[in-house]
Amino acid sequence: MDNNQKHIPFAVIVAATNGDEAAIQEILKFYDGYISKLSLRQLYDEYGNVYMVVDSELKGRIQAAVMDMIANFEIIVI
C-alpha cells in the first residue's frame, strides 16, 4: 500500500476480515500515527517540565481493540 493513500483498499479490508495477517498488519500500519496520537500521555520531570510520551501499554490495548474490530467486521455484498 502506498504511504500517501488516504484510504485502505477494499481488497485489503476483505483480506484482513478473512484473517490475512499481512493485511491486518497493513491496516495497523495505516493507523499507526493516529493510534500513537491517541496514546500520548503527559510526563513531568523533577523540574516540572512537561513531556508528551507514547504510553506503550495504552497503544497495545488500542491496537488489540482494532484487531478485534477487524475480526468481527462483517462485509455484506448485495
Side-chain angles (χ1 to χ4, degrees):
M1 183 166 62
D2 183 10
N3 287 339
N4 296 324
Q5 283 187 329
K6 294 182 181 186
H7 305 287
I8 299 170
F10 183 71
V12 174
I13 295 169
V14 171
T17 60
N18 289 326
D20 182 325
E21 185 64 32
I24 293 169
Q25 290 304 317
E26 194 169 330
I27 291 172
L28 288 174
K29 181 179 176 187
F30 182 84
Y31 286 111
D32 186 63
Y34 180 64
I35 292 171
S36 292
K37 176 75 174 174
L38 292 174
S39 304
L40 288 177
R41 294 286 177 245
Q42 291 182 345
L43 180 68
Y44 297 90
D45 66 11
E46 64 270 10
Y47 303 108
N49 297 318
V50 180
Y51 298 95
M52 297 301 289
V53 297
V54 174
D55 182 336
S56 59
E57 181 181 338
L58 178 58
K59 184 174 180 176
R61 289 174 37 204
I62 294 171
Q63 289 172 328
V66 170
M67 288 187 288
D68 186 51
M69 287 182 233
I70 291 168
N72 295 314
F73 189 75
E74 292 184 34
I75 298 175
I76 300 172
V77 180
I78 300 176

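Considering every non-hydrogen atom in both S36 and V54, the closest pair reads O-CG2, 4.1 Å. The shortest non-hydrogen separation linking V66 to I35 is CG2-CD1, 4.3 Å.
By the 4.5 Å heavy-atom criterion applied to side chains, V50 and L43 are not counted as neighbours.
K29 contributes atom NZ, which lies 10.5 Å from atom CD of Q25 (distance to the nearest 0.5 angstrom). Atom OH of residue Y31 and atom CG of residue L38 lie 12.0 Å apart, to the nearest 0.5 angstrom. With values rounded to the nearest 0.5 angstrom, F73 atom CZ is found 11.5 Å from M69 atom CE. We find the CD1-OG1 distance between I27 and T17 to be 8.0 Å, quoted to the nearest 0.5 Å. Residue K37 holds its NZ atom at 12.5 Å from CD1 of I62, rounded to the nearest 0.5 Å. Atoms CD and CG, on Q63 and L58 in that order, are 10.0 Å from each other to the nearest 0.5 Å.
Cluster annotation: F10 is connected to L28 through the hydrophobic network of ILVMFWY side chains, with a link wherever side-chain heavy atoms come within less than 4.5 Å. The same ILVMFWY cluster, assembled from side-chain heavy atoms under 4.5 Å apart, contains both V77 and I8. No single ILVMFWY cluster, assembled from side-chain heavy atoms under 4.5 Å apart, contains both L40 and Y34.
For K59 and D32, the salt-bridge test passes: some basic side-chain N is under 4.0 Å from an acidic carboxylate O.
Within 6.0 Å of the CD atom in E74, the count of heavy atoms belonging to other residues, nucleotides or ligands does not exceed 12.
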Inset, instruction - Apply the test side-chain contact (heavy atoms from CB on, under 4.5 Å) to residues Q42 and M52: give CA-CA distance (whole Å), side-chain angles for both, the deciding distance (0.1 Å), then the verdict. - result: CA-CA 5 Å; Q42 291 182 345; M52 297 301 289; 3.4 Å; yes
